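What you see is a predicted model, and the numbers here were worked out from it, not measured in a lab.
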Amino acid sequence: MIFVADVVHDEVYMSPLKEEILVPLPFSNIESPMGVAFDPFEKRVYWTDYTLGVVYRSTIDGKNQEIIRSNVSAPLGIDLDLVAGNVYWINSDDRTIEVSGFNGNYWKVLVYNLSSFPVDIALDTARG
């Protein structure tokens with residue numbers, strides 16, 4: 001499956017790999033989704049909302065939508081470490097990389113004072 005965050009239409013979309021159609025997911029309280037990641041084991045979608053300053057997660061059907069972290073000044077990119085059970089996101093205003101467990105526990109700022117305006121993040125979980 002492919003997941004897309006669409007800030008113009010305030011939607012998170014899903015598409016099966018073999019189809020060229022995007023289906024909006026039934027999430028609520030979305031204003032400007034920027035990053036999106038998927039946990040194929042738990043069938044959960046994670047996304048950041050730039051305007052609301054929130055990191056969310058939800059099951060694909062829109063049930064069990066929950067806030068992982070709020071009061072993030074400008075969350076953008078997001079990625080998951082499926083082995084360790086952590087979610088990482090960029091806080092672009094503070095120029096930090098933040099991390100928490102999938103459920104939001106154990107939050108901390110991992111990297112401070114990034115030299116440029118960070119936008120996205122990708123993890124290399126194969127090399128640790």
Side-chain angles (χ1 to χ4, degrees):
M1 287 188 265
I2 296 172
F3 294 86
V4 177
D6 184 347
V7 69
V8 174
H9 296 102
D10 302 331
E11 296 277 0
V12 175
Y13 295 94
M14 176 184 75
S15 176
L17 290 176
K18 296 182 179 183
E19 296 182 27
E20 295 179 11
I21 188 165
L22 290 173
V23 178
L25 296 174
F27 300 152
S28 60
N29 301 323
I30 295 180
E31 288 198 22
S32 44
M34 297 298 287
V36 64
F38 179 63
D39 177 352
F41 302 112
E42 296 290 325
K43 305 280 192 273
R44 289 186 184 265
V45 180
Y46 293 73
W47 72 97
T48 58
D49 192 303
Y50 185 85
T51 301
L52 298 177
V54 174
V55 180
Y56 286 106
R57 79 173 179 171
S58 179
T59 51
I60 294 173
D61 59 8
K63 297 177 182 173
N64 305 312
Q65 183 173 324
E66 57 189 320
I67 294 174
I68 292 177
R69 185 79 181 157
S70 59
N71 299 318
V72 181
S73 59
L76 291 178
I78 189 168
D79 205 359
L80 304 176
D81 180 343
L82 299 173
V83 175
N86 290 322
V87 56
Y88 296 79
W89 63 89
I90 296 292
N91 182 332
S92 61
D93 274 358
D94 291 345
R95 296 185 0 239
T96 59
I97 298 172
E98 301 179 17
V99 62
S100 76
F102 280 169
N103 62 2
N105 288 342
Y106 310 109
W107 167 84
K108 70 178 180 176
V109 175
L110 191 62
V111 178
Y112 292 90
N113 299 322
L114 293 168
S115 61
S116 63
F117 181 74
V119 176
D120 208 352
I121 187 168
L123 303 176
D124 184 356
T125 56
R127 294 179 16 175

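The shortest side-chain heavy-atom distance between Val45 and Val36 falls under the 4.5 Å cut-off. Side-chain contact between Asp39 and Leu82 is present, with heavy atoms from C-beta onward closer than 4.5 Å. Between Tyr88 and Leu110 there is a side-chain heavy-atom pair separated by less than 4.5 Å. Residues Ser73 and Asn91 are in side-chain contact: their nearest non-hydrogen atoms beyond the backbone lie under 4.5 Å apart. At a threshold of 4.5 Å between non-hydrogen side-chain atoms, the residues Met34 and Asp49 do not count as touching. Residues Ile60 and Phe3 have side chains in contact (heavy-atom distance under 4.5 Å, counting atoms from C-beta outward). Between Trp89 and Arg69 there is a side-chain heavy-atom pair separated by less than 4.5 Å. When side chains are defined from C-beta on, Val4 counts as touching Ile2, because their heavy atoms get closer than 4.5 Å.
The minimum heavy-atom distance between Leu22 and Pro24, with the atom names listed, is O-CD, 3.9 Å. Across all their heavy atoms, Asp10 and Pro33 have their closest contact at CA-CD, 3.9 Å. The two atoms that bring Asp93 and Ala74 nearest to each other are CG-CB, 3.5 Å, heavy atoms only.
At least one donor-acceptor pair under 3.5 Å links the side chain of Asn103 to the backbone N or O of Asn105. Judged purely by atom type and a 3.5 angstrom limit, Ser15 has no side-chain atom pairing as donor or acceptor with the backbone of Glu20. A distance-only check finds a donor-acceptor pair linking the side chain of Ser32 to the backbone of Thr51 [under 3.5 Å]. No donor-acceptor pair closer than 3.5 Å links the side chain of Asp6 to the backbone N or O of Val12.
Hydrophobic clustering (ILVMFWY, side-chain heavy atoms < 4.5 Å, transitive): Val99 and Leu123 are in one cluster. Trp107 and Leu52 fall into different hydrophobic clusters, where Ile, Leu, Val, Met, Phe, Trp and Tyr side chains are chained together by heavy-atom contacts under 4.5 Å. Using a 4.5 Å cut-off between side-chain heavy atoms of Ile, Leu, Val, Met, Phe, Trp and Tyr, with links allowed through other members, Leu76 and Tyr112 fall into different hydrophobic clusters. Under a hydrophobic-cluster definition in which Ile, Leu, Val, Met, Phe, Trp and Tyr are linked whenever side-chain heavy atoms come within less than 4.5 Å, directly or via other members, Leu80 and Ile121 are assigned to different clusters. Hydrophobic clustering (side-chain heavy atoms under 4.5 Å, transitive across Ile, Leu, Val, Met, Phe, Trp, Tyr) groups Val87 together with Val109.
Taking OG of Ser116 as the start and CZ of Arg95 as the end, the distance is 8.0 Å to the nearest 0.5 Å. Atom OH of Tyr106 is separated from atom OG of Ser100 by 11.0 Å, given to the nearest 0.5 angstrom. Interatomic distance, Glu98 CD to Asn86 CG, rounded to the nearest 0.5 Å: 13.5 Å.
If you run side-chain contact (heavy atoms from CB on, under 4.5 Å) between Trp47 and each of Val55, Ile30, Leu25, only Ile30 comes through.
Among residue pairs with one or both ends in residues 53-65, those qualifying as side-chain hydrogen bond (donor to acceptor under 3.5 Å, both in side chains) are Tyr46-Arg57, Arg57-Glu66, Thr59-Asp61; sequence neighbours excluded.
With sequence neighbours left out, the salt bridge (Lys or Arg N to Asp or Glu O under 4.0 Å) criterion links Glu31 to no other residue.
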